[in-house]
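Worksheet: one structure, shown below.
In this text the structure is predicted, and so the values were computed from the model without any measurement.
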Amino acid sequence: MIYRASLNNSTATISVTTINNMANIKITGAANLGDQLHAFATDPSAEPIDNMPAYTAYPTDTGVRLATHNGQIDLPWRWLTSIADQLRAA
């Protein structure tokens, strides 16, 4: 699996590519999402993020789940810093 993230204005796009599939999720109001994900990467016990109606983010056993009204994506712990850095660099 390969995860990529980008930020355009305040809309984040996170995509995951596997051998046979590609999926992405767009998250509005996500200007600070990179910093928020970085906080989870450095402290997995960080408080869940409730930025509704735009999105929520909370830790799971395997990583962080981002949920919007259009769907959700699970970000594995090993990819979390990379995704946060990609969003922070935008």
Side-chain angles (χ1 to χ4, degrees):
M1 283 189 212
I2 298 173
Y3 287 82
R4 291 192 176 93
S6 63
L7 185 65
N8 184 4
N9 294 320
S10 66
T11 301
T13 301
I14 299 176
S15 63
V16 59
T17 305
T18 63
I19 294 172
N20 298 321
N21 195 14
M22 181 186 162
N24 67 44
I25 189 167
K26 291 196 180 290
I27 304 168
T28 58
N32 297 320
L33 183 58
D35 291 334
Q36 293 167 332
L37 292 177
H38 189 266
F40 280 123
T42 57
D43 180 9
S45 65
E47 290 294 316
I49 299 160
D50 186 356
N51 193 20
M52 289 308 280
Y55 63 93
T56 60
Y58 54 91
T60 67
D61 290 340
T62 59
V64 172
R65 176 167 288 164
L66 285 170
T68 71
H69 64 280
N70 289 325
Q72 66 186 29
I73 189 167
D74 290 328
L75 307 174
W77 287 118
R78 70 181 215 134
W79 283 95
L80 202 56
T81 299
S82 174
I83 293 166
D85 289 346
Q86 291 173 46
L87 291 170
R88 292 167 84 187

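Across every non-hydrogen atom of Ala41 and Thr81, the tightest pair is CB-OG1, 3.5 Å. Considering every non-hydrogen atom in both Ala84 and Gly34, the closest pair reads CB-O, 3.4 Å. Residues Ser15 and Asn24 share a closest heavy-atom pair of CB-CB, 3.7 Å. Of all heavy-atom pairs spanning Asp85 and His38, the tightest one is OD1-CD2, 4.4 Å. Considering all non-hydrogen atoms of both residues, Phe40 and Ala46 come closest at CE2-O, 3.5 Å. In plain terms, the two heavy atoms of Thr60 and Arg65 that are nearest each other are CG2-CB, 4.1 Å.
Distance check, rounded to the nearest 0.5 Å: CG of Leu7 to CG of Asn32 gives 9.5 Å. For the atom pair Ile27 CD1 and Leu87 CG, the distance stands at 8.0 Å (nearest 0.5 Å). Note: Trp77 CH2 to Thr62 OG1 = 8.5 Å, rounded to the nearest 0.5 Å. Taking CE from Met22 and CD1 from Ile2, the interatomic distance works out to 10.5 Å, rounded to the nearest 0.5 Å. With values rounded to the nearest 0.5 angstrom, Gln86 atom CD is found 11.0 Å from Leu37 atom CG. Atom CG of Asp74 and atom CG of Asp61 lie 11.0 Å apart (nearest 0.5 Å).
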Side chain to side chain contact (heavy atoms under 4.5 Å, CB included) evaluation trace for Leu33 with Tyr55
CA-CA 10 Å; Leu33 183 58; Tyr55 63 93; 3.7 Å; yes

Evaluation steps, side chain to side chain donor-acceptor pair (under 3.5 Å), between Asp43 and Ser45:
CA-CA 5 Å; Asp43 180 9; Ser45 65; 2.6 Å; yes

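Looking at heavy atoms from C-beta onward, Leu66 lies in side-chain contact with Leu75 at the 4.5 angstrom threshold. The shortest side-chain heavy-atom distance between Thr17 and Arg4 falls under the 4.5 Å cut-off.
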